[in-house]
Q: 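Provided herewith is a single structure, encoded as structure tokens, for subsequent inquiry.
The first residue in the sequence is number 1, and the count goes up from there.
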Amino acid sequence: MSDNQRAGAAKPHGSVSAATVVDAFALARQGGSLQGEVPLSRMTRAIEGLPEQPQGDAGLVRWSVRGEMGKGVVGSSIAADQPLLHLHVEAHPVLICQRCNDPFVFDVDSSTVLQLVKSEDELDDDLSMDTQDPDVVDSLPEKVVGSHRFDLLAQVEDELILSIPFVPKHLVCPGAQAEDGDAQQASATQRPSPFAVLEQLKRKD
């Protein structure tokens, strides 16, 4: 997702508690931190098209955010004295495997750094060209438009959306695992024991 897409996706949705609508610039300037939990059922954009999500603790999205003023990146002017938010999101949404069509729990444990800018025009200021080091460019924060009424839950949901695979799959589908096990067992049953072969050779002698 591009900076512009992320900024567009971060529009407030539904009603949110006052604790999740903050002065983002003040949070960064003061080095403040916040954390909370929200049911997956409230992340309507993230769970659209997904199966029914679990209730209780299993269906919670846990998040935390910490602000700071950037110290600058070697070889680039990005984030130097710029307000930053460190966002961490954990969740366990239920997805449908696109191989076997069975539901499974997908673990999300994502961390990202957001650089706050004052307007959408600044989203296009690509200062990453100041450096040609790909490691530095990859480590640069993502830009979002900050405000004095910044919707943290919208950013949490954006990060959750980015973390859910477009084509979810089991690492190994349960059915395939069973079939592989049956095949291995059948192969082992059909294969003669080396001791039995040795005994037959002895009898021939």
Q: Out of curiosity, does Leu160 fall in the hydrophobic cluster containing Val94 (side-chain heavy atoms, cut-off under 4.5 Å, transitive links)?
A: no
Q: Could you check Lys143, Gln115, Glu142 and say which one makes a side-chain contact (heavy atoms from CB on, under 4.5 Å) with Leu123?
A: Lys143
Q: Starting at OG of Ser64, measure out to CG of Leu152 and round the result to the nearest 0.5 Å.
A: 10.5 Å
Q: Within a strict 4.5 Å, meaning less than it, do heavy atoms of the Leu114 and Gln155 side chains meet?
A: yes
Q: Using a 4.5 Å cut-off on heavy atoms from C-beta on, say whether the side chain of Phe150 contacts that of Leu116.
A: yes
Q: Are the side chains of Glu37 and Trp63 in contact, using a 4.5 Å heavy-atom criterion?
A: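 Contact flag for Trp63/Glu37 side chains = no.
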Q: Check the pair Arg66 / Leu27 against side chain to side chain contact (heavy atoms under 4.5 Å, CB included), numbers first and verdict last.
A: CA-CA 8 Å; Arg66 175 177 59 84; Leu27 185 66; over 6 Å; no
Q: Near Gln98 CD, under 6.0 Å, is it more than 12 heavy atoms from other residues, nucleotides or ligands?
A: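 Check passes, neighbour count above 12.
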Q: Restricting to non-hydrogen atoms, name the atom on Ser163 and the atom on Glu159 that form the minimum distance, rounded to 0.1 Å.
A: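 Ser163 and Glu159 have their closest heavy atoms at OG-O, 2.8 Å.
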Q: When hydrophobic residues are tied together by side-chain contacts of less than 4.5 Å, even through go-betweens, does Val108 share a cluster with Leu95?
A: yes
Q: Taking only Lys NZ, Arg NE, NH1 and NH2, and the carboxylate oxygens of Asp or Glu, determine whether Glu90 and Arg62 approach each other closer than 4.0 Å.
A: no
Q: A side-chain contact here means heavy atoms from C-beta on lying under 4.5 Å apart; do Gln82 and Met69 qualify?
A: no
Q: Check whether Arg149 reaches the backbone of Val21 with its side chain - one donor and one acceptor, N or O, closer than 3.5 Å.
A: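 Answer holds: no.
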Q: For the atom pair CD (Glu157) and CG (Asp151), what is the distance rounded to the nearest 0.5 Å?
A: 9.0 Å
Q: If I compare all heavy atoms of Pro93 with all of Gln53, which pair ends up nearest, and what's the gap?
A: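 Minimum heavy-atom contact is CA-OE1, 3.3 Å.
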Q: Please tell me if the side chains of Val105 and Asp107 come closer than 4.5 Å, counting only heavy atoms from C-beta onward.
A: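 In contact.
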Q: Quick check: is Leu60 connected to Leu87 through a chain of hydrophobic side chains (ILVMFWY, heavy atoms under 4.5 Å apart)?
A: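 Different clusters: Leu87 never reaches Leu60 through Ile, Leu, Val, Met, Phe, Trp or Tyr contacts under 4.5 Å.
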Q: Nearest 0.5 angstrom please: Leu85 CG to Leu34 CG, how far?
A: 9.5 Å
Q: Taking the side chain as C-beta and beyond, is there a heavy-atom pair between Leu153 and Arg42 under 4.5 Å?
A: yes
Q: Run the side-chain hydrogen bond (donor to acceptor under 3.5 Å, both in side chains) test on Asp109 and His88 for me, step by step, so that the C-alpha distance in whole Å, both residues' side-chain angles and the decisive distance to 0.1 Å come before the verdict.
A: CA-CA 7 Å; Asp109 188 349; His88 181 224; 2.6 Å; yes
Q: Do Phe104 and Pro168 have side chains that approach each other closer than 4.5 Å (heavy atoms only, starting at C-beta)?
A: yes
Q: Heavy atoms only: give me the nearest Pro83-Phe25 pair and the separation to one decimal.
A: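 Answer, listing the atom of Pro83 first, then Phe25: CG-CD2, 3.9 Å.
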Q: For residues Val117 and Val144, determine if any side-chain heavy atom of one lies less than 4.5 Å from a side-chain heavy atom of the other.
A: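 Val117 vs Val144: side chains apart.
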Q: Quick check on the hydrophobic clustering: are Leu50 and Met43 connected, directly or via other members, by side-chain heavy-atom contacts under 4.5 Å?
A: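 Yes; Met43 is reachable from Leu50 via cluster members.
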Q: For residues Cys97 and Cys100, report the shortest heavy-atom separation together with the two atoms involved.
A: SG-N, 3.5 Å
Q: Say you draw a straight line from CD of Glu52 to OG of Ser41; how long is it, rounded to the nearest 0.5 Å?
A: 10.0 Å
Q: Taking a hydrophobic cluster as the set of Ile, Leu, Val, Met, Phe, Trp and Tyr residues connected by side-chain heavy atoms closer than 4.5 Å, whether directly or through intermediates, do Val38 and Ile164 fall within one such cluster?
A: yes
